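Order of the sequence lines sets the chain letters (A, B, ...), proteins ahead of strands, with each chain counted from 1. The model shown is predicted, which means the values in this text are computed figures rather than measured ones.
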Amino acid sequence: MTDLFRDKVDVSMMVNGEPVEARVPAGQHMIDFLRLELGLTGAHASCEHGVCGACTIRVDGDAVRGCLMLAAQADGAEVWTVEGLTDTSAISDLQDAFVERNALQCGFCTPGMLVAAAELLSRGGVLSRAEIREHLSGNYCRCTGYEAIIDAVESVAKGRAGKGTA
Amino acid sequence: MKASAGGYARAESVGHALELLAASDGQGRVLAGGQSLIAAMNMRLSVGDLLVDISKISDLSGVAVEGETLRIGALTRHAQIGADPLVKTHAPLLTDAVAHIAHAAIRNRGTIGGALAHADPAAEFPACALALGATMHVEGPDGSRSIAAEDFFEEVFTTALNDGDILTAITVPVFEAGEVQIIEEVARRSGDYALVGLCLVKRAAGHRIALFSVGPKPLLATGAMAALDAGDLDAAVNALSAEIDPPSDTQASAAYRRHLAGVLLRRAVARLKGDVA
């Protein structure tokens, strides 16, 4: 192998508002870097091929799959996980709605579900149940049957829209 | 599973990326959005690649009208294409296709250049490029060249790109007066690959019909196009049925796919005529 290619890559990024510098293996997934190196075990590694959505995190403002991104690619990125979004209270109304509506049972999918739903809610406006269902179609939940999750996201959309006009 | 990479290098420019590919001794692999490549690495379908990460090359991203063509940078992400006003004006087929591609989080990172270079026969963008008569713009060790969409897709996951080449942009003709672009597909669940998909473009010069998920590469249905130009929809459906040879797999039988192709053509033509069924 030519020395132009590295098997360890230096990265510098912001994670949950704090600067992080690390040397990561070339093939390490972003989700594994967060979980194994930084101890941020909120988002989960599950299917590891982009289907289940349990590893969904926020990178540079977008919800992305933590298993379809390499840590090496996060150099210069601003990364948020459910831990940071919880600490800043950015999604507290959504989390409260999940509890109130019983929108989780085992909780495995919830961190990814919250990040995906937060992206949809950030666009504002009242959302139809079909829009919510479509947006969350890439996040699997094996417990709830989804109805309660849709309920929770819908109630937050209504709540935020109501506040906006009040 | 965990991905296996042989090495990683971050390209600062197209020239740098070409140098890295040239130095990789055939082991180089261009990493753009990574939504297919990293999944393939995770499933160990691709092992030990020397990754050339082009995703930070900012001049490969963005949309512009240049004369009579719409130019879309290879690194333009699916979500950007779905939201871009120039794309909506000149290539609404691509705007509409975005909603069919995977899920929101995938669309936030996947790139059009990556989708075209990957050439998944079940993917939307390759068939859209074929229906639109797009041109692929490539930089390689011997300079730049252009490849018509008809000549670009060769086999399953195989294109006219050589080792050491990078797809930098796609251009499509600007929208002409009276043009209509329609995409129809059938998938069992939202975000799944299509069982069959069909793109229909009607221009003054005639109809163009491209199908995906009916064979090893996106297919231009020239027989159906000629029949539709002659105004005979039944003949077009028959011609389409004869010119595709779809596979049978766990998702659908060949006979069902052939049937769906005809159904989608009829739906697309109904929308073309303004009948919203």
Side-chain angles (χ1 to χ4, degrees), chain A residues 1-11 24-32 36 45 47-77 112 115-117 119-120 123 130-131 133-140, chain B residues 1-11 16-17 19-25 27-29 31-56 77 79-80 83 99-110 187 189-192:
Chain A
M1 186 179 87
T2 154
D3 59 4
L4 294 172
F5 293 89
R6 305 287 177 182
D7 55 9
K8 293 275 200 304
V9 184
D10 291 328
V11 292
V24 300
Q28 185 173 48
H29 292 149
M30 189 61 195
I31 190 66
D32 287 337
L36 304 176
C47 78
E48 293 186 329
H49 61 283
V51 173
C52 76
C55 64
T56 306
I57 54 172
R58 188 184 291 176
V59 176
D60 292 330
D62 295 324
V64 306
R65 296 280 198 252
C67 76
L68 293 185
M69 176 178 181
L70 302 179
Q73 294 182 285
D75 187 56
V115 173
E119 178 177 63
L120 178 65
R123 296 176 196 164
E131 282 174 286
R133 194 172 278 279
E134 170 59 31
H135 191 86
L136 296 179
S137 65
N139 290 72
Y140 284 5
Chain B
M1 289 187 288
K2 306 303 180 189
S4 160
Y8 173 95
R10 193 175 296 131
H16 184 211
E19 280 170 30
L20 290 166
L21 286 173
S24 70
D25 207 17
Q27 294 297 107
R29 179 85 74 163
L31 172 61
Q35 301 302 285
S36 296
L37 175 55
I38 296 178
M41 289 164 58
N42 296 354
M43 291 189 272
R44 300 292 170 101
L45 300 172
S46 187
V47 175
D49 291 329
L50 299 179
L51 300 172
V52 177
D53 184 358
I54 64 167
S55 61
K56 294 278 166 62
R77 299 187 189 280
Q80 292 172 309
H100 291 290
I101 303 172
H103 308 287
I106 310 269
R107 297 194 289 264
N108 280 340
R109 273 193 81 74
R189 295 169 298 192
S190 174
D192 275 10

Find the one option among [options] whose heavy-atom pairs under 4.5 Å with chain B are most numerous.
options	value
A/Leu70, A/Asp75, A/Thr56, A/Val9	A/Asp75
A/Gln73, A/Glu134, A/Glu119, A/Arg133	A/Gln73
A/Leu68, A/Val115, A/Asn139	A/Leu68
A/His49, A/Met69, A/His135, A/Glu48	A/Glu48

Hey, could you give me each pair passing salt bridge (charged side-chain N to carboxylate O under 4.0 Å, His left out) that has a residue in residues 54-74 of chain A? Not counting sequence neighbours.
-> none
What pairs meet the salt bridge (charged side-chain N to carboxylate O under 4.0 Å, His left out) rule with one or both residues in residues 45-56 of chain B, with sequence neighbours excluded?
-> B/Arg29-B/Asp49
Hey, what do you get for CZ (B/Arg10) to CZ (A/Arg6), rounding to the nearest 0.5 Å?
-> 11.5 Å
What is the distance from atom CD of B/Gln80 to atom CG of B/Asn108, rounded to the nearest 0.5 Å?
-> 9.0 Å
Interface moiety of B/Ser4 toward chain A, non-hydrogen atoms closer than 4.5 Å | neither
Heavy-atom distances under 4.5 Å only: say whether B/Leu31 touches chain A with side chain, backbone, both or neither.
-> side chain
Counting only heavy atoms closer than 4.5 Å, note whether A/Leu120 contacts chain B via side chain, backbone, both or neither.
-> neither
So what's closer than 4.5 Å to chain B heavy atoms on A/Ala63: side chain, backbone, both or neither?
-> both
For the residue pair [X] and [Y], what are the closest heavy atoms and their distance?
X	Y	value
A/Val11	A/Ala71	CG1-O, 3.6 Å
A/Phe5	B/Ala9	CD2-CB, 3.7 Å
B/Leu50	B/Gly6	CD2-C, 3.6 Å
A/Ala117	A/Leu136	N-CD2, 3.8 Å

Within a radius of less than 6.0 Å around CG of A/Asp10, do more than 12 heavy atoms belonging to other residues, nucleotides or ligands occur?
-> yes
Residues 24-32 of chain A vs chain B, non-hydrogen distance cutoff under 4.5 Å, contacting residues -> A/Ala26, A/Gly27, A/His29, A/Asp32
Looking only at heavy atoms, which of residues 39-47 of chain B get nearer than 4.5 Å to chain A?
-> B/Ala39, B/Asn42, B/Met43
Less than 4.5 Å apart, any side-chain heavy atom of B/Arg77 and any of B/Arg107?
-> no
Checking B/Gln35 side chain against B/Gly33 main chain: does a donor-acceptor pair fall under 3.5 Å?
-> yes
